[in-house]
Amino acid sequence: MIQITLPDGAVREYEGGVSAMDVAKSISEGLARKVLAATINGEVWDAGRPIHENASLQLLTWNDLSGKATFWHSSAHLMAEAIESMFPGVKFWVGPALETGFYYDIDLGDHQIGEDDLRRLEIKMAELAKQSNAFVRKEISKADAIQYFGDKGDQYKLDLLGGLQDGGITLYTQGNFTDLCRGPHIPNTGFIKGIKLTNIAGAYWKGDEKNKMLTRIYGVSFPSSKELDEYLVLLEEAKKRDHRKLGKELELFAFSEKVGMGLPLWLPKGAMLRERLQQFLQKAQLESGYLPVITPHIGHKNLYVTSGHYEKYGKDSFQPIKTPQEGEEFFLKPMNCPHHCEIYKTSPRSYKDLPLRLAEFGTVYRYEQHGELHGLTRVRGFTQDDAHLFCMPGQVKDEFKKVIDLVLYVFNSLSFTDYTAQISLRDKTDRSKYIGSDENWNLAENAIIEAAAEKGLKTVVEYGEAAFYGPKLDFMVRDAIGRKWQLGTIQVDYNLPERFDLNYIGEDNAKHRPVMIHRAPFGSMERFIAVLIEHCAGKFPLWLAPTQVKLLPISDKFLPYAEIVSTQLKNADIRVEIDDRNEKIGKKIRDTELAKIPFMLVLGEKEMNEGKVAIRRQGKGDIGVTPIAEFIDLINEEVKSKKSFE
RNA sequence: GCCGUUGUGGCUCAGUGGUAGAGCACUUCCUUGGUAAGGAAGAGGUCGUGAGUUCAAUUCUCAUCAACGGCUCCA
């Protein structure tokens, strides 16, 4: 008999060779029907694999991340089986589970595959799934495995085998398909009910562009068709929220081939929104002791030679701007830091001047690769809500805490309530690639960890993710439909103060090196607005809405009254427009609703005679008639409270 | 940069080897209408760009540009 310890601490006795599935059945049949895999002593196993020793066991279902991953991995195998049956002779590379769904990389040989094939594959997969073929695990020696795949002429699996140790090599078979696979897998294909193959893409073998391009097919699957439908609804929702689509519809920004790819043009409404955001942060920064600065968009070559950017980016980025002066070269600035370092150097600094916080909404240009460009989230010219904090090593922690406060203030004001922070530290073993003294690094790394802890941030620590010039803290937010985005960042920098030979006079009357902290709560205006658009589906909170109120006169007769209302609202700093088209009120309301303008004021005979306005809230309908002054109060209050969209 | 898909009036999209169509938007006229689309008329496109095949190309071929999906998740 062996002892199996369950997650709640209960210990049960079973015959040796019992499987997790047997254990599940002994608890309840209903549970057993849901079991996809199990964690045995911390390792994920097939539910049917015999257990021969005492073990702790956790049953995994669709509700567990590892359960889902196993499910998708098995789905990838199912897809491979379907592909092999439809396109005999194709060769498979790897087919892992993703955060959502799975893919398989395939060498199709002479076959071509298109969208229609995906639909056919889905049908084939469903058919194979219905057979409820078991996933059978088989241990095999390396030599036998090499023999097996050698006979098949499968150079990809042979390549994988080359990197594996003998012993513990396993094959998995379901139906007519056998694959080299570590597993684990779900009990049988019958669990897979809702299947959707989402797209086809090219992917280099081993991710190296010198290698052959394989065909990658992405898919996602679920234990019921209901869950698949829910997922498809979510995809639809994400599509509706796409900032590129909404940006066009709401006339926020545009791109022009003539201007150049990745160079956004901000339209009046988008510029309005962006300026609101900028003013909001500027005000908060002013209150937190930041000093605004402004620097030019280009800088002399020497600036970037000093900063090191010339060496790092020179060749792979925008090329120098030449002048009539022989040999003179300027570069578009890829970042604001070098300019700010020069500002620091404009006068001798005392420890009493520190921390010195220089802030600028600085536009920078980076030559991103063609394929990297994406809407507003990846562009070639963008504006960072940048600031550089020059401080003494001992002040790092305090400054970090203040920046965290600022970032959280920004997030809360925009109703990003679900966020985590990633702390990126040095590689634990190899420290040769980092610049700066060990002492300072330790100080800064601890400062970040402590600051984050004291501010109660949910954090993940990643070793080896720090930049060569210093540790950092990045904020990830989840938007309204659960997608993750990386926004604000705070980075310590030991490199630039060194390169620019920055210093301050300490209490001891000697020169010291300041620490520099880069920080950007938004990340960039472009990226932040993209995320904001998707987060709120284009329904901006009132304080940000480009147009806050639309006046809808019932007919031309009430245009003069609309003008009067408009003037009063404008005097109260409310952004208002009049719909003076010769259209019926129903039409005007429809168009304004679709433009996602928060408030509509319907103006007709009654309102005019009484000096009132009939308020309609976007998405909510008619909310009553009030005097103009009361409406202004209502707006001001909502703007002041920075209430979020609903 | 690489692979795949796409490229038709401002927008969304149909269509054809014989020099193009719809809806919305726009202009004008009628209508002056109370909470999600009133009616009529009109204007607007060298079908991304360049070359080739053809009597003839927006349609076929090639090149080029741009957008989109991928190229990170490693049996």
Side-chain angles (χ1 to χ4, degrees), chain A residues 69 72-73 76-77 80 92-105 108 112-115 145 149 154 156-164 168-172 178-185 198-218 239 242 244-245 248-249 251 254-262 316 367-375 552-559 581-595 600-607 614-625:
Chain A
W72 283 325
H73 184 191
H77 278 234
F92 296 95
W93 170 235
V94 296
L98 304 172
E99 195 177 305
T100 306
F102 57 88
Y103 70 79
Y104 220 117
D105 280 349
L108 286 170
Q112 279 277 337
I113 201 162
E115 283 286 322
F149 288 104
D154 192 332
Y156 297 107
K157 296 299 172 186
L158 290 174
D159 184 88
L160 283 174
L161 278 166
L164 295 179
I169 294 177
T170 50
L171 297 182
Y172 274 83
T178 296
D179 200 4
L180 175 67
C181 180
R182 181 197 295 142
H185 282 283
T198 48
N199 51 19
I200 310 170
Y204 297 112
W205 184 44
K206 297 187 179 181
D208 187 336
E209 62 181 286
K210 289 185 198 76
N211 285 337
K212 182 171 182 181
M213 175 81 64
L214 303 177
T215 302
R216 176 171 295 182
I217 301 180
Y218 286 87
K239 235 187 206 166
D242 191 316
R244 292 165 302 183
K245 179 175 174 289
K248 201 180 269 180
E249 283 174 10
E251 296 171 344
F255 290 91
S256 146
E257 273 189 42
K258 272 218 175 90
V259 172
M261 59 170 134
D316 305 320
Y367 187 79
E368 303 289 352
Q369 288 190 58
H370 273 77
E372 300 278 0
L373 300 174
H374 180 91
L552 312 179
I554 299 257
S555 80
D556 293 356
K557 281 188 290 190
F558 309 106
L559 269 175
R581 294 175 306 167
N582 180 3
E583 292 289 352
K584 286 188 161 178
I585 193 67
K587 170 77 163 170
K588 291 185 181 183
I589 286 171
R590 178 181 159 79
D591 289 347
T592 313
E593 286 279 347
L594 292 175
M600 283 151 261
L601 298 183
V602 177
L603 306 174
E605 185 100 44
K606 277 184 292 182
E607 290 77 17
I615 310 169
R616 184 187 165 99
R617 179 96 213 208
Q618 201 274 349
K620 294 258 157 59
D622 195 348
I623 57 172
V625 180

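Residue numbers start from 1 in every chain, and the chains themselves are labelled A, B, ... in the order their sequence lines are given, proteins ahead of strands.
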Nearest heavy-atom pair of Arg182(A) and Thr170(A): which atoms, and what distance? CA-OG1, 3.7 Å
For Arg581(A) and rU27(B), what is the distance between atoms CZ and P respectively, to the nearest whole Å? 10 Å
Given the C1' atoms of rA63(B) and rU28(B), what is the spacing between them in whole Å? 46 Å
In whole Å, measure the gap between the C1' atoms of rC60(B) and rC55(B) for me. 16 Å
Any-strand Watson-Crick or G-U partner of rU19(B), both distances under 3.5 Å: none
Distance between the C1' atoms of rU8(B) and rU49(B), in whole angstroms? 14 Å
Across all strands shown, which nucleotide pairs with rA40(B) by Watson-Crick or G-U wobble geometry, both distances under 3.5 Å? rU28(B)
If rU58(B) has a Watson-Crick or G-U wobble mate with both distances under 3.5 Å, name it; if not, just say none. none
Starting at atom CG of Leu373(A), determine the distance to atom C1' of rC65(B), rounded to an integer number of angstrom. 14 Å
Do nucleotides 34-46 of chain B as a string where each nucleotide becomes B, S or -: B if the base has a protein heavy atom under 4.0 Å, S if just the sugar-phosphate does, - if no protein is that close. BBBBB--------
Quick one: CE on Met600(A) to CG on Asp591(A), what's the gap to the nearest 0.5 Å? 10.5 Å
Which whole number of Å gives the distance between the C1' atom of rC26(B) and that of rA66(B)? 27 Å
So, does Arg244(A) get its side chain near the phosphate of rG69(B), meaning an N or O under 4.0 Å from OP1 or OP2? yes
Identify the heavy atoms of Phe149(A) and Asp179(A) that sit nearest to each other, and give their distance. CZ-C, 4.3 Å
For rA25(B) versus rA67(B), give the span between their P atoms, rounded off to a whole number of Å. 30 Å
C1' atom, rG50(B) versus rU58(B): distance in rounded Å? 15 Å
Just verifying a value: how many Å separate Leu552(A) CG and Arg581(A) CZ, rounded to the nearest 0.5 Å? 9.0 Å
Classify Leu160(A) by what it touches in the nucleic acid, base, sugar-phosphate, or nothing, heavy-atom distance under 4.0 Å. sugar-phosphate
What's Gly375(A) touching, base or sugar-phosphate or nothing? Going by heavy atoms closer than 4.0 Å. sugar-phosphate
With a 3.5 Å limit on both atom pairs, tell me what rA14(B) is paired to, counting Watson-Crick and G-U wobble, or say none. none
Taking a pair to mean Watson-Crick or G-U wobble geometry with both distances below 3.5 Å, rA63(B) pairs with rU49(B)
Over how many whole Å does the gap from Asp179(A) atom CG to rA75(B) atom P extend? 11 Å
To the nearest Å, give me how far apart CG (Leu161(A)) and C1' (rC74(B)) are. 14 Å
Could you give the CG-to-P distance, from Asp105(A) to rG70(B), as a whole number of Å? 14 Å
Atom of Tyr104(A), atom of Val94(A) and distance for their closest heavy-atom approach: CD2-O, 3.3 Å
Atom-to-atom span, CG of Leu214(A) to P of rC73(B) - whole angstrom: 12 Å
Rounded to the nearest 0.5 Å, what separates atom NZ in Lys248(A) from atom CG in Asp242(A)? 10.0 Å
Do the side-chain N or O atoms of His374(A) get closer than 4.0 angstrom to the phosphate oxygens (OP1, OP2) of rG70(B)? no
Span that lies between the C1' atom of rG39(B) and that of rU32(B), in whole angstrom: 14 Å
Describe, in one word, how the ring planes of His73(A) and His185(A) are oriented to each other, choosing from parallel (under 30°), tilted (30 to 60°) and perpendicular (over 60°). tilted
By the 4.0 Å heavy-atom rule, please label Tyr218(A) as base, sugar-phosphate, or nothing. sugar-phosphate
Partner nucleotide, any strand, of rG69(B) [Watson-Crick/G-U, under 3.5 Å]: rC3(B)
Rounded at 0.5 Å granularity, tell me how far OG1 in Thr178(A) sits from NZ in Lys157(A). 11.0 Å
Taking the side chain of Lys248(A) as its heavy atoms from C-beta onward, which of rC73(B), rG33(B), rC11(B) lies nearest to it? rC11(B)
What distance, rounded to whole Å, do you find between the two P atoms, one in rG38(B) and one in rG23(B)? 16 Å
In the structure shown, which nucleotide is the Watson-Crick or G-U wobble counterpart of rG33(B), with both distances under 3.5 Å? none
Would you mind reading off the distance between Tyr204(A) atom OH and rG70(B) atom C1', rounded to a whole angstrom? 11 Å
Using the rule given for side-chain contact (heavy atoms from CB on, under 4.5 Å), can you reason through Leu601(A) versus Ile615(A), listing the C-alpha separation, both sets of side-chain angles and the distance that settles it, and then say yes or no? CA-CA 5 Å; Leu601(A) 298 183; Ile615(A) 310 169; 3.8 Å; yes
Expressed in angstrom and rounded to an integer, what is the separation of Lys239(A) atom NZ from rG69(B) atom C1'? 11 Å
